[in-house]
Visitor: 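So that we are looking at the same thing, I have put the structure below in C-alpha cells.
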Protein chains: 2
Amino acid sequence: MPARAQTSTAVVVAAGRRLLEERGTDALTMRDVADAVGVRTPSLYKRVRSRSDLLRLVLEDVADELTAAIDTAANSGDPTADLRALMAAYRRFAHANPVAYALMYAPQTVSGATTRSERSSATLLRLVTELAGPRHTLQAARTIVAWANGFIAMELAGAFRLGGDIDQAWEFGLDRV
Amino acid sequence: MPARAQTSTAVVVAAGRRLLEERGTDALTMRDVADAVGVRTPSLYKRVRSRSDLLRLVLEDVADELTAAIDTAANSGDPTADLRALMAAYRRFAHANPVAYALMYAPQTVSGATTRSERSSATLLRLVTELAGPRHTLQAARTIVAWANGFIAMELAGAFRLGGDIDQAWEFGLDRV
DNA sequence: ACCTGAACACCGTTCAAGT
DNA sequence: ACCTGAACACCGTTCAAGT
C-alpha cells in the first residue's frame, strides 16, 4: 500500500529558496527545509539527492526567473534602450535575491548550476551584437557582464562605503562601458 | 607550571590559509588545521576565537599580501603604465589565490575582513585621480574595480566557456574602461 | 598558561521497518 | 511508493582536569 506523498520537489525547492534568501547559505539546513514542508528530514531524500543537489535546484530556479525578467524588460526594439533596460532589470533582480545572486556568480559554488544561468545571457549577446558589431560581440559582452557582476557584487558586499552616490556611479560606468 | 606553547596564531593562520586554498572553504575543518599544526582541536581555541574568526584572519593575511603585491607592481611613475601593471598584478594574485579571492569579494562572507582589503585600493585611487581627474575619481575607480573583480570572478568560476581568447578579452575590456 | 579527553548540540545521510 | 525513528559519522565548541 503506497504511502501518499506529503510534498513535491517543487515545494521543497521553493522552501529551500525562501530559507536561503531569508537566513543565508549556512543556515539552510535539511531539518529546516523538512519542517517548512511538513515532513521529516529523511523524506527529503526522496525529492533531492543531497543538500548540494537541493542548492543546485534552487539556483536553477532563480536562473530561470532571471532569464524571464531580462527577456521581459528588453523588448522595445531599440538596442540601446533595451540594453539599459536589461542591465536595470538585472541589477534589480540581484537586489531582490542577493543571497542566491551571490551564490550564482561566486567561484567554487555548486557545480552544474552554470548551465542554465548561461541561457540568460542570450538576450544580452543579441543586443551587444547589434551595438558593437559581430567582430567584438563576445569581448564586449564579457566586458559588460563582468562590470555589471562586479559592480553588483561589490554593492551587495557593502564595499562601497567611501560614500558617494552609488546610483550615479552605476550610470557613470554604464555610459563608459 | 605553565605548559609550553606548541603553536602560535601565525602558524595556525598559515595552516588555515594553505588548507583553504588546497581543499576549499567547506573542507577547512578545525580538526584538519589542528592536525596540520600538531595539536588537538580544542587547543586551537587558545589562538582563535572560532572557525569564522580563523577565516577572517586568513583573509586579512591574504589582503595584506595583495596590497604589498600591488604597491610593488605599480611604481614606475607613469600613471597609465602603473595602472596596467596594477591590474595585471591584481589578476595574477587572484589566479594564485582563487579560493581566498572568491571569499574576499563575495557578498555575505566573513564580516570585518573588508576593512583591511580596502587599504589595497589606496594605490588604485591615486592612479585613477591622476588619469581621470579629481572630479570623477571615485566613480571611475569603482568602474574599474567592478569590472576587474567581475572579470576575474567569472574567469575563476569558469563562466567563459563560450570560447574565445580570455587574455584578449581582458585587454579589450582594459582598453575600453 | 597552555594542552587534552570527554562531552554536548548539531548536522547530513542511510536504512530497515512501517503503511 | 513514500514516510519515519533510529543510528552513524562528522562537525564546532566547551570545560574540567592535567602539567
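Note on naming: letters A, B, ... go to the chains in the order of the sequence lines (proteins, then strands), and numbering restarts at 1 for each one.
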Visitor: Of the nucleotides C/dC3, D/dC2, C/dG12, which has the atom closest to the A/Met30 side chain?
Guide: C/dG12
Visitor: List the atom of A/Leu125, the atom of A/Ala141, and the distance in Å for their closest heavy-atom pair.
Guide: CD2-CB, 3.6 Å
Visitor: Within the pair A/Ser43 and D/dC2, is there a side-chain N or O less than 4.0 Å away from OP1 or OP2?
Guide: no
Visitor: One thing to verify: whether B/Glu60 and B/Arg17 come together as a salt bridge, which I'm taking to mean a side-chain N less than 4.0 angstrom from a carboxylate O.
Guide: no
Visitor: Can you find a pair of side-chain heavy atoms, one from A/Arg91 and one from A/Phe151, that are under 4.5 Å apart?
Guide: yes
Visitor: Would you confirm whether A/Asn97, through its side chain, and A/Phe93, through its main-chain N or O, come within 3.5 Å as a donor-acceptor pair?
Guide: yes
Visitor: Touch check for A/Leu44, heavy atoms < 4.0 angstrom, all strands: base, sugar-phosphate only, or nothing?
Guide: nothing
Visitor: Nearest to the side chain of B/Tyr45, which nucleotide is it out of D/dA1, D/dG12, C/dC3?
Guide: D/dG12
Visitor: Round to the nearest Å and state the distance from B/Asp32 atom CG to D/dC10 atom P.
Guide: 11 Å
Visitor: Base, sugar-phosphate or nothing for A/Ser50? Non-hydrogen atoms, less than 4.0 Å.
Guide: sugar-phosphate
Visitor: Base, sugar-phosphate, or nothing: which does B/Arg47 touch, judged by heavy atoms less than 4.0 Å apart?
Guide: sugar-phosphate
Visitor: Indicate whether OP1 or OP2 belonging to D/dT13 is found under 4.0 Å from a side-chain N or O atom of B/Arg51.
Guide: no
Visitor: In the structure shown, which nucleotide is the Watson-Crick or G-U wobble counterpart of D/dC11, with both distances under 3.5 Å?
Guide: none
Visitor: Using the closest heavy atom to pick a nucleotide of DNA chain C for each, name whichever of B/Thr7 or A/Leu28 lands nearer the 5' end.
Guide: B/Thr7
Visitor: Tell me the interatomic distance from A/Lys46, atom NZ, to C/dT13, atom P, rounded to whole angstroms.
Guide: 15 Å
Visitor: I need the CZ-C1' distance between A/Arg40 and C/dG12, as an integer number of Å.
Guide: 17 Å
Visitor: Taking atom P of D/dC11 as reference, at what distance in whole Å does atom CG of A/Asp26 sit?
Guide: 15 Å
Visitor: Donor-acceptor pair, distance only, cut-off 3.5 Å: does the side chain of A/Asp82 make one with the backbone of A/Ser76?
Guide: yes
Visitor: What's the closest nucleotide to the side chain of A/Thr29 if the choices are C/dT4, D/dA6, C/dG12?
Guide: C/dG12
Visitor: Find the distance A/Asp53:CG to C/dT14:P and express it as a whole number of Å.
Guide: 12 Å
Visitor: Whole-Å distance between D/dC11 P and B/Arg23 CZ?
Guide: 10 Å
Visitor: Could you tell me the Watson-Crick or G-U partner of D/dT19, where both distances fall under 3.5 Å? Say none if there is no partner.
Guide: C/dA1
Visitor: So A/Leu54, base contact, sugar-phosphate only, or nothing? Heavy-atom distance under 4.0 Å.
Guide: nothing
Visitor: I want to verify a distance call: between C/dC11, D/dC2, D/dA6, whose nearest atom is closest to the A/Arg31 side chain?
Guide: C/dC11
